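As C-alpha cells, the structure follows; a few thoughts come after it.
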There are 2 protein chains.
Amino acid sequence: MSDPKTMLAEGRQTFRRKTLHEELTESIREQIILGDLAAGTRVPEKELCALYGVSRTPLREALKVLATDGLINLEPNRGAWVSKITCADIDEVFPIMGALEALAGELACRHIRDEEIGAIRKLHREMLGHYEKREMGPYFETNQRIHEAILAAARNNTLTTQYRSLAARVRRARYVANMTMQRWSQATEEHEQIMTYLERRDGESLSKILKKHLENKLETVRHWLEEKEKNADIE
Amino acid sequence: MSDPKTMLAEGRQTFRRKTLHEELTESIREQIILGDLAAGTRVPEKELCALYGVSRTPLREALKVLATDGLINLEPNRGAWVSKITCADIDEVFPIMGALEALAGELACRHIRDEEIGAIRKLHREMLGHYEKREMGPYFETNQRIHEAILAAARNNTLTTQYRSLAARVRRARYVANMTMQRWSQATEEHEQIMTYLERRDGESLSKILKKHLENKLETVRHWLEEKEKNADIE
DNA sequence: CTTCGATTAAATGAATGCATAATGCTTTCG
DNA sequence: CGAAAGCATTATGCATTCATTTAATCGAAG
C-alpha cells in the first residue's frame, strides 16, 4: 500500500526518527500483547504519562490508534481499558484469520521462491524438535515464524498488516492456552501437510488445510477460555 | 468484539454524546470516501481546523485514526495526505475483500433467516431494475446494500468492520470506474447466482462465486486505474 | 547563469492549562 | 438503618502555547 511506514520500511526506517506517539503506540501494543498490561485493566492516562515520562497529548494519540486496532477500549469521558478477550471475540476473529491465512497460502504458492520454501522447511524441522522435547514456548515461537513466512511469501503487504492486527488481538490468549497432547500432535500433523502442499505449490490444498488448521486452533483456545470465563464468574 | 461502540450500539448510541474527535473522524472519512477530499491532496491541519472550527488536538487524533485505517498517510513532521489508490493497492485489497466476502457468504448461509433472504431478494430485483435502465449510480448503491446484507447475515461484527475498512479504501475507485456493458451484464449474472446459492443456503458455492465476483470486479477497476495512471504520468 | 548555502517563515510535534463530565464519599432525611 | 442527594475530587476533552523540523526564498560565490 502507499503507506509510508511499509513502503520505506527497509530503506529508511532505521534513521527516520520516530515521533513520541509512534514509539508509545508500539511500546504499549507490545505490553498488551505480552500480557504486561493485563486484559481488563484500566489505563489511566496520567499513570502511563508518568511511566513513560511524556505528556498526555502523544499518549492520547497512541491510545486512539490502539483503540482502532481493537486492543483498547475507549469510552468518552470514561477512559481506556485493555480490551478483554472473550469467547465471542475469538469466535469472530479466528474464522477471519483462517480466511486470511487461506488466501495467504494460495498467494504464497504462486509467488514463493525455492529458497523461501527451504527456509520454512528449516523452521518446520526446528518446530518438530520443540514438539518432541515438549517445549511449548519455543514451539509457539517457531510456529508463529512459519505463519509469518507464509504471509511474507504471499507478497501482499495489506494482507500481512490485517493478519497481524487480528493476531495481536488473540495472541494473549494463544500464549497461555495449554494444548492437550492430542491437539498438539494433531497440529503438528497439520503442519506436516502444510509443508507438503507448500512444496508442491498446491495452492488450493494449502488453502484448505490452513483454514482447517485455524479452525482447530480455535477449538483449543475456546476450551481454555471457557474454563477461564467460568472461573472469572466466581469473583 | 468487546468494543463498546458495537456492544452498546443499539442500546446507548443514540443518546451517547459523541466527542469532537469522533465526529471529525467520521466526517473526514466520509469526505474522503465520497471524493470531496481528492486522493493525493494534502491535508493541512490548520485548514481543516478552520473548516470545522476546532482546535488541532482533536483533529490530530482523528487523523491518527484515519491513518491506521489507511485512508490517510502521515509522515512525521511532513503532514498528512489523502492516500492515493494505485493499481498495486487494489491488487492487494481486492483479494482480501474476496476472501472476507467468501467467508461472509459461508457464515451467512449458516445463520441467515428466511426474512433476511427475502429482503435481499427484494434488493436484488431492485438492482436488476437499475441494470435494465442503465442507472449506474443507483445500481452501485443497491449492489452495496446487498453485500452489506450478506455481511450482516454472517453475524460476525469483526468481519463486517474489517470488510468496511477495506471497502472504504477502494470505494473511491469503484464509484468512478465505468464498467463495460459486457462486464456489467456479467456482474449481474454473478449476482443471479449469488442469489440462488444464498436461497439454497449452499455456503460452499456461495463462497466460491463471491470470491470470483470480487476477482472480476478487480479487473474492472484495474483497467480503469491503469488508464488513469497513464494519464497521470503526463502531468 | 547556475548552484550551494544560510536565513526565515510556516507547519507539525509536544506540553501545559482550563473546562467539564464522572465517580466516590459524606451527609441528611425518610 | 438504608437510600438518595449534594459536594468534592479525579480524570478526561479540548484549547492554547511553546519547541522543533521542514521548506522556501534570497543572496553570494563559482
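Lettering of chains follows the sequences in order, A, B, ..., and the numbering in each one begins at 1. Atom set for the values below is all heavy atoms of this structure, side chains included, hydrogens, waters and symmetry mates excluded. Fair warning: this is a prediction, and the values are worked out from it, not measured in the lab.
- Counting only heavy atoms from C-beta outward, the side chains of Arg169(A) and Thr158(B) approach each other to under 4.5 Å.
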With a 3.5 Å cut-off and sequence neighbours excluded, list the donor-acceptor pairs that the side chains of residues 27-38 of chain B form with protein atoms.
residue, atom, partner, partner atom, Å
Ser27(B), OG, Tyr52(B), OH, 3.0
Arg29(B), NH2, Asp69(B), OD2, 2.4

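- For the pair Leu24(B) CG and dA15(D) P, the computed distance is 9 Å after rounding to whole Å.
- If you take CD of Glu61(B) and P of dA15(D), they are 10 Å apart, rounded to a whole angstrom.
- Taking OG1 from Thr68(A) and CG from Leu63(A), the interatomic distance works out to 11.0 Å, rounded to the nearest 0.5 Å.
- Phosphate contact (OP1/OP2 of dG13(D), side-chain N/O of Arg60(A), threshold under 4.0 Å): present.
- What separates CD of Glu75(B) from C1' of dT22(D) is a distance of 12 Å, to the nearest Å.
- A donor-acceptor pair is defined here as one N or O able to donate and one able to accept, closer than 3.5 Å; such a pair exists between the side chain of Thr161(B) and the backbone of Asn157(B).
- Considering Glu61(A), Arg60(A), Glu26(A), Lys64(A) as possible partners of His21(A), the one that fulfils the side-chain hydrogen bond (donor to acceptor under 3.5 Å, both in side chains) test is Glu61(A).
- Between the P atom of dC14(D) and the OH atom of Tyr52(B) lies a distance of 15 Å, rounded to the nearest Å.
- The distance between atom CD of Glu22(B) and atom P of dT12(D), rounded to the nearest whole Å, is 15 Å.
- One can place CG of Leu20(B) at 13 Å from C1' of dT20(C), the figure rounded to the nearest angstrom.
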Pick out the pairs of N or O atoms, protein on one side and nucleotides 17-19 of chain C on the other, that lie under 3.5 Å.
none

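- Remark: the backbone N or O of Glu92(B) is paired with a side-chain donor or acceptor of Asn156(A) at under 3.5 angstrom.
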What does the B/S/- profile of nucleotides 6-11 of chain C look like, 5' to 3', with a 4.0 Å heavy-atom cutoff to protein?
------
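- Residue His21(B) places no side-chain N or O under 4.0 Å from the OP1 or OP2 atom of dG13(D).
- Atom-to-atom, CG of Leu59(B) to C1' of dC14(D) comes out at 12 Å; the value is rounded to the nearest Å.
- Among dG13(D), dA14(C), dG13(C), the nucleotide with an atom closest to any side-chain atom of Pro58(A) is dA14(C).
- Checking Asp89(A) against Thr86(A) by side-chain atom types alone, a donor-acceptor pair falls below 3.5 Å.
- Each of Ser55(A) and Asn77(A) lies near DNA chain C, and the nucleotide nearest Ser55(A) is the one positioned closer to the 5' end.
- In this structure, CG of Leu63(A) is placed 13 Å from C1' of dG13(D), rounded to the nearest angstrom.
- Leu71(B) has its side chain within reach of Arg172(B): a pair of non-hydrogen atoms, C-beta onward, lies under 4.5 Å apart.
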Stepwise side chain to side chain contact (heavy atoms under 4.5 Å, CB included) check, Phe94(B) with Lys217(B)
CA-CA 8 Å; Phe94(B) 268 86; Lys217(B) 215 178 256 185; 4.0 Å; yes
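- Among the heavy atoms of the strands lying under 4.0 Å from Thr19(B) are primed sugar atoms or P, OP1, OP2 only; no base atom is included.
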